[in-house]
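Just so you know, these numbers use all the heavy atoms, side chains as well, and skip hydrogens, waters and symmetry mates. For ligands, and for the atoms within them, numbers begin at 1 and follow the listed sequence.
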Amino acid sequence: MRTLAWIVTCCVLTSPALADPRSDYLLHCAGCHRPDGTGLPPSVPSLVGPLGTIAASPAGRDYLARVPGAAQAPLSDEELAAVLNWVLVEFNRESLPDSFQPLKGSEVADSRARVLADPLKLRREIWPELDQY
Ligand code: HEC
């Protein structure tokens, strides 16, 4: 009986139906960006702070899902949108505009199809005022 309970608990806990953005972040992003989002600059940028400013413009919303780590993550469009929204609210609340509308799966689908070969180049062009990693 105890074994059965363990199996049930195990399967319920690992069920994809229970996947949530925080778990997806830990599984697919934290290996590089670290669990607290601070990354390992300059090789891996911090996701804490400036992304709210980036997410404030259409070009920035587009950029977030075009960086290779996000675009190529083994997540559905909806899951990736949820992870990016989670990162924005969890780590960038202070720079996020009040008018921010969460990213949608359809929007992310369009962006991630155009994965960036040189994200840093585009970032420097569009947001020269932001700290560069
Ligand atoms: C293999 C390591 C790796 C993984 C995994 C990874 N990233 Fe990244 N990420 C990077 C690196 C390196 C950059 C810098 C741009 C580049 O060279 O790709 C970056 C850049 C970014 C940026 C742009 C930050 C800025 O300030 O311009 C965002 C947003 C981002 N990643 C989100 C994510 C999300 C969300 C995930 C998980 C779905 C993820 N990354 C997974 C390594 C990774």
(message) Students should be able to answer this: which protein heavy-atom is nearest to atom 15 (C) of ligand 1, and at what distance?
(response) Y133 OH, 3.3 Å

(request) Ignoring hydrogens and angles, state whether a donor on the side chain of R123 or Q132 is under 3.5 Å from an acceptor on the partner side chain. (result) yes

(message) How about CD on E125, more than 12 heavy atoms from neighbouring residues, nucleotides or ligands closer than 6.0 Å, or not?
(response) yes

(request) Mark up the atoms of ligand 1 that fall under 4.0 Å of a heavy atom belonging to R123, in ascending order. (result) 25 (C), 26 (O), 27 (O)

(message) Once you restrict to heavy atoms under 4.0 Å, what part of L51 touches ligand 1? Side chain, backbone, both or neither.
(response) side chain

(message) Suppose I only count heavy atoms of A73 and a 4.0 Å limit; which atoms of ligand 1 are within that range?
(response) 38 (C)

(request) Check which protein N, O or S atoms are less than 2.8 Å from atom 8 (Fe) of ligand 1 and report how many there are. (result) 1

(request) Using non-hydrogen atoms of the residue, decide whether L120 is closer than 4.0 angstrom to ligand 1. (result) no

(request) Any chance you could measure L27, atom CG, to E79, atom CD, to the nearest 0.5 Å? (result) 10.5 Å

(message) I want to confirm something. Looking only at heavy atoms, which of Y63, Y25, W127 is nearest to atom 23 (C) of ligand 1?
(response) Y63

(message) Closer than 4.0 Å to some heavy atom of S43 - which atoms of ligand 1 meet that?
(response) 12 (C)

(request) Assess whether atom CZ of R114 is packed by more than 12 heavy atoms of other residues, nucleotides or ligands within 6.0 Å. (result) yes

(request) Would you please classify the geometry between the Y25 ring and the W86 ring as parallel, tilted or perpendicular, with 30° and 60° separating the classes? (result) tilted

(message) How long is the straight-line distance from CG of L64 back to CD of E107, given to the nearest 0.5 Å?
(response) 9.5 Å

(request) Indicate the atoms forming the closest heavy-atom contact of R112 with L75, along with that distance. (result) NH1-O, 2.9 Å

(request) Would you check whether L64 reaches within less than 4.0 Å of ligand 1, judged by its heavy atoms? (result) yes

(request) Determine whether any heavy atom of P119 lies closer than 4.0 Å to an atom of ligand 1. (result) yes

Under 3.5 Å donor-acceptor pairs involving side-chain atoms of residues 41-56, not counting sequence neighbours:
| residue | atom | partner | partner atom | Å |
| --- | --- | --- | --- | --- |
| S43 | OG | L40 | O | 3.1 |
| S46 | OG | V48 | N | 3.1 |

(request) Report, as yes or no, whether the 6.0 Å neighbourhood of atom CG on D131 holds more than 12 heavy atoms from other residues, nucleotides or ligands. (result) no

(request) Go through ligand 1 atom by atom and flag the ones less than 4.0 Å from a non-hydrogen atom of H28. (result) 5 (C), 37 (C), 41 (C)

(message) Quick check on E129: does its CD atom have over 12 non-hydrogen neighbours (other residues, nucleotides or ligands) under 6.0 Å away?
(response) yes

(message) Check this for me: does any side-chain nitrogen of one of K104 and D77 sit under 4.0 Å from a carboxylate oxygen of the other?
(response) no

(request) Answer with side chain, backbone, both or neither: which part of L84 has a heavy atom less than 4.0 angstrom from an atom of ligand 1? (result) side chain

